[in-house]
Q: 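Have a look at this one before I ask anything.
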Amino acid sequence: MSEISRRDALKGLAAAFATAGAIDQFVAADAHMAVAQLTAVGPYTPTALSAHQYQTLLKLADFIIPVENNKPGAVQAGVPGWIDTLLAVNADLKKRYTDGLAWIDQEMTTRHKVTFANAVQVQQTGLLDQIAFQKNRSPELNPGIDFFILLRRMTVDGFYTSPMGQRDIYQGNAARAEFTVPKDAMDYVINRSPLK
Amino acid sequence: MAQGAGATVHDVVIIGSGAGGGTVTKVLADMGIKVLLMEAGPMINMTDYKTMMGPSDFWHRGAGEAAELYTTGQTTALNYSASYSANIVDEPYTQAEGSQFRLFRSRVLGGRTNHYARVQLRYSDYDFKPKSMNDVGWDWPIGYADMAPYYDKAERLIGVTGRPEGLRSAPDGIFQTPAPFKVHEELLYRSCAKLGIKATSARQAVITSPLNGRPGCIYCGQCGRGCRFGSNYASPYVQIFPAMRTGNVTVLANAMARELITDASGKVTAVSYIDKTTGAEQQVRCRTVVLSAAACESARLLLNSKSSRHPSGLANSSGTVGKYLTDTVGFGLAATVPYLRGTPVHNTDGYGAHLYIPWWMADRHRELDFPMGYHVEVGGGGFGQPTLGFGAGAYNQSEGYGLPMKQAIRDSYGGINISLTGRGSMVPNEDSYCEIDPGVKDKWGIPVLRFHWKWSDYELNQARHMRESFRAILETLGGTVATPAARGGGAGRAGGPAAPTGPAGQPQAGRGVINPPGVAPNDDRPVLGAGGGIIHEVGCVRMGDDSRTSVLNRFCQAHDVRNVFSADGGPFVSHGDKNPTHTIIALAWRTAEYLAEEMRKGNV
């Protein structure tokens, strides 16, 4: 998302919070959803990366956390845009990305005479299956492996801290009328304990 | 003379807006008494409470304004707190050589009630009478029977969860229906039962059904941020805002009290303060004043109110202002419980802990080498809100990308540790106190506090008992206990407590069978943190029937200056194991009623 839409979204959140002369427990949840929708959709125009670099980042993020059974992945959750906003404020970090993305394109060009973004999937996964694992460390692959560690870390961070990513795994931060513990969860633990 | 003071003489000026000041404000305003409430920090609004916000409500989500997390590794905490600590670097305090003390200030309307853990426990009868019961410390001039009606009133207003148990160490109150135990809490409940220890529902200042216009809890687990919905206790939305609607309350924010001004008769006539927005010194005139700035800051104000008539500070003819400062004994132990792995994912937020363990040896003190008790707060398990670094363990181990990596993260989700945190009673001692540092002033030119601190054998012995009992509880439920912090040779080793091989200490006169432990080389007791670290500091302005040994009478009115009252942790004579907020509120309520009656009679 752009900084403008984020600011607008947060303004909307604040406004929603401020409506309450009376206390309304659902205002915050609704406002929160509004922020989520505003910040997760719409085209993002990169400010730190070039259009081509950003296309490559989109492709890589999609491999790291793809769509799963219609559940959004890293791209749908706006992760590449979030990464770009971070690169825009940290020159060292930006250089690691531009160097890393350039290495990936160079490696793909050497192997298949095509950039990563324009390669076919089997060519793309062929490289990723090597640089996504430390066991493949070698002087030739090390730059790619090191970059992929950083990229994977930030993609996972960005995904699970996004509103969509939170909902992928986390059931909390929600309004409930009653606190209950599912029987299957309680039984699972008690039956494995020495105290059943 | 009161230069700069307006012509208005306020009936009551309350200095500080936390649990004590908030309570006095509400009680007096409801009686139709006009009050001026001074707060050293800014006003707070409901929109300042960041309930139900998450990492994505901060653009960098914790990576830092320059994304430094990913280059230098430096983390940035996301600030969801409503407890402001702005400008505190400009308001230092000092520590005497060899003393470690930490003073947590919160300069904002509501003070630390905005962030506290909402543990809301009544003192037991013996917590008021440590001298009579255990021959240590000093008795309060009042007892449980005096306080019970005010605990009732406090619970009717603010709401406290709990289950009646009939335990001496945990007096029952007027309880909101508690939420059920979480999974790890059920384990603790059963483990304790097996060891003959009664665990019970947590007593939290949280409402589970509507009360006084506030809605019941929605179980989002973010009580510590202050509740945007008003479903837990913090003085702004439970007391001060409703009191303001009576028209009887004026709030003076950003007003840092400097000194109490007295007239020729010795009575306080005005409060001198710094307007933090301009830096200018101002005064407000008053008929009575209530100190609610928190124990140490209230003592500081009295000590800084020197005059020819009060050369050692106001209300200090006894010399005890600043003395008998106590905090809570804190010790924690955690265990890994591998069979929690794989628990079906569910919403575990709730309202913090739903279980606590009251002190279980209240009538067996003679078996112990420390005089007072402790209770246990619990944590662990659970499916928390993902933040930066989420899943790192899993993907670092399995590496790769795509759905297999995502599955590894999913499989690793959920806590498998259970932690126990002891909260124990500290016996006041002569070596733990605060005084004015003669050489240091804060940004406003106000002399600051210097702290002296010493834990005694009572506290260290108690922490050792915590460690061994926690180990038993955690191992009984199948946990593997982490090596606890300890000191001395052989301390904290695996395989149980170190045998006490040192010579027994000399029995101390008047302390019954309570003996100090072995000498230092064999000392297996845990190291305790800095005083004040648990943020339960009380004392310094204590009550008592004897004006030669106490600052306040049994109604928290200064012996020396009859129009000065105290309503915070300052009046505490001794410190039970219970977190102090509930007793601060109940005591402040009692003081406010007394103040109103004295005003009605024309005595002040």
Side-chain angles (χ1 to χ4, degrees), chain A residues 3 6 10 13-14 17-18 20 23 25 28-29 32 35-36 39 63-66 68 82 85-87 89-90 92-93 128 132-134 150 152-154 156-158 160-163 165-166 169-182 184-186 188-190 192-195, chain B residues 46-47 51-52 54-57 59-61 63 65-68 70-71 179-180 182-183 186-187 190-191 194 214-215 218-221 228-230 339-340 342-350 383-392 395 399-403 405-406 409-410 413 477-478:
Chain A
E3 205 33 45
R6 165 166 293 280
L10 290 175
L13 181 72
F17 277 160
I23 289 164
Q25 63 189 39
H32 207 87
V35 171
T39 53
F63 275 114
I64 293 172
I65 301 184
E68 179 189 17
W82 178 69
T85 61
L86 295 175
L87 304 189
V89 296
N90 187 325
D92 291 345
L93 190 62
L128 294 184
F133 295 92
Q134 304 252 16
L150 175 69
R152 176 172 50 208
R153 174 185 174 194
M154 290 180 68
V156 171
D157 276 358
Y160 284 107
T161 56
S162 72
Q166 299 248 303
I169 197 162
Y170 172 55
Q171 298 186 11
N173 207 23
R176 311 168 75 181
E178 191 182 2
F179 182 88
T180 53
V181 179
D184 65 336
M186 188 65 87
Y188 178 94
V189 171
I190 297 299
R192 284 164 175 74
S193 79
L195 300 164
Chain B
M46 294 311 287
T47 49
T51 316
M52 298 190 80
S56 64
D57 293 310
W59 79 267
H60 57 73
R61 305 183 187 176
E65 292 292 336
E68 58 270 17
Y70 296 113
T71 44
K182 302 177 187 183
V183 169
E186 179 65 25
L187 290 173
R190 293 181 184 214
S191 176
K194 202 166 174 182
R214 297 151 48 209
I218 59 166
Y219 309 103
C220 73
R228 189 249 169 279
F229 314 114
Y339 62 80
L340 287 176
T343 305
V345 177
H346 58 287
N347 180 345
T348 56
D349 287 351
F383 298 97
Q385 181 168 41
T387 56
L388 298 190
F390 180 78
Y395 68 70
E399 299 191 273
Y401 61 94
L403 296 184
M405 180 200 75
K406 202 177 171 202
I409 292 172
R410 197 174 283 139
Y413 183 42
L477 61 77

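None of these values were measured; they are calculated from a predicted model. Per chain, numbering begins at 1; letters A, B, ... match sequence-line order.
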Q: In terms of heavy-atom pairs under 4.5 Å, which option from Gly391(B), Gly389(B), Gly478(B), Gly342(B) contacts chain A the most?
A: Gly342(B)

Q: Heavy-atom pairs under 4.5 Å with chain A: which of Ala179(B), Gly400(B), Gly384(B), Pro55(B) has the most?
A: Gly400(B)

Q: Using side-chain heavy atoms (C-beta onward) and a distance below 4.5 Å, is Pro163(A) in contact with Ser56(B)?
A: yes

Q: Between Glu399(B) (side chain) and Gln134(A) (backbone), is there a donor-acceptor pair under 3.5 Å?
A: yes

Q: In terms of relative ring orientation, are Tyr70(B) and Trp82(A) parallel, tilted or perpendicular, with 30° and 60° separating the classes?
A: perpendicular

Q: Would you say the side chain of Ile190(A) lies within less than 4.5 Å of the side chain of Tyr339(B), judging by non-hydrogen atoms?
A: no

Q: Distance from Ile218(B) atom CD1 to Phe179(A) atom CZ, nearest 0.5 Å?
A: 13.5 Å

Q: Evaluate the side-chain proximity of Lys406(B) to Tyr160(A): yes if any heavy-atom separation is below 4.5 Å, no if none is.
A: yes

Q: Using 30° and 60° as the class boundaries, would you call the ring planes of Tyr401(B) and Phe63(A) parallel, tilted or perpendicular?
A: perpendicular

Q: Which answer fits Lys194(B), side chain, backbone, both or neither, if we ask what part of it has an atom under 4.5 Å from a heavy atom of chain A?
A: side chain

Q: Check whether Arg153(A) reaches the backbone of Ala392(B) with its side chain - one donor and one acceptor, N or O, closer than 3.5 Å.
A: no

Q: If you count heavy-atom pairs within less than 4.5 Å of chain B, which of Asp92(A), Leu87(A), Val181(A), Val189(A) leads?
A: Val189(A)

Q: If you round to the nearest 0.5 Å, how far is CZ of Arg152(A) from OH of Tyr395(B)?
A: 7.5 Å

Q: For residues Asn173(A) and Gln385(B), report the shortest heavy-atom separation together with the two atoms involved.
A: ND2-NE2, 3.6 Å

Q: Does any non-hydrogen side-chain atom of Ser193(A) lie less than 4.5 Å from one of Leu477(B)?
A: no

Q: With a 4.5 angstrom heavy-atom cut-off, which part of Val156(A) approaches chain B: side chain, backbone, both or neither?
A: side chain

Q: Which value, rounded to the nearest 0.5 Å, describes the distance between Leu340(B) atom CG and Tyr188(A) atom OH?
A: 9.0 Å

Q: Which answer fits Leu150(A), side chain, backbone, both or neither, if we ask what part of it has an atom under 4.5 Å from a heavy atom of chain B?
A: side chain

Q: Which distance, rounded to the nearest 0.5 Å, do you find between the CD1 of Ile409(B) and the CD1 of Ile169(A)?
A: 7.5 Å

Q: In Å, rounded to the nearest 0.5 Å, how long is the span from OG1 of Thr180(A) to OH of Tyr219(B)?
A: 10.0 Å

Q: When you compare the side chain of Arg61(B) with that of Asp157(A), does any pair of heavy atoms fall below 4.5 Å?
A: no

Q: Do Asn90(A) and Thr71(B) get their side chains close enough for a donor-acceptor pair, meaning under 3.5 Å?
A: yes

Q: Could you pull out the closest heavy-atom pair between Gln171(A) and His346(B), with the gap in Å?
A: OE1-CA, 3.5 Å

Q: Please report the interatomic distance CD1(Ile65(A)) to CE(Met405(B)), rounded to the nearest 0.5 Å.
A: 4.5 Å

Q: Would the distance check show the side chain of Gln166(A) and the main-chain N or O of Pro386(B) forming a donor-acceptor pair, the cut-off being under 3.5 Å?
A: yes

Q: To check you understand the geometry: which heavy-atom pair defines the closest contact between Ala63(B) and Leu86(A), and what is its length?
A: CB-CD2, 4.1 Å

Q: Is there a side-chain contact between Phe390(B) and Thr161(A) (heavy atoms, below 4.5 Å)?
A: no

Q: With a 4.5 angstrom heavy-atom cut-off, is it the side chain or the backbone of Thr348(B) that approaches chain A, or both, or neither?
A: backbone

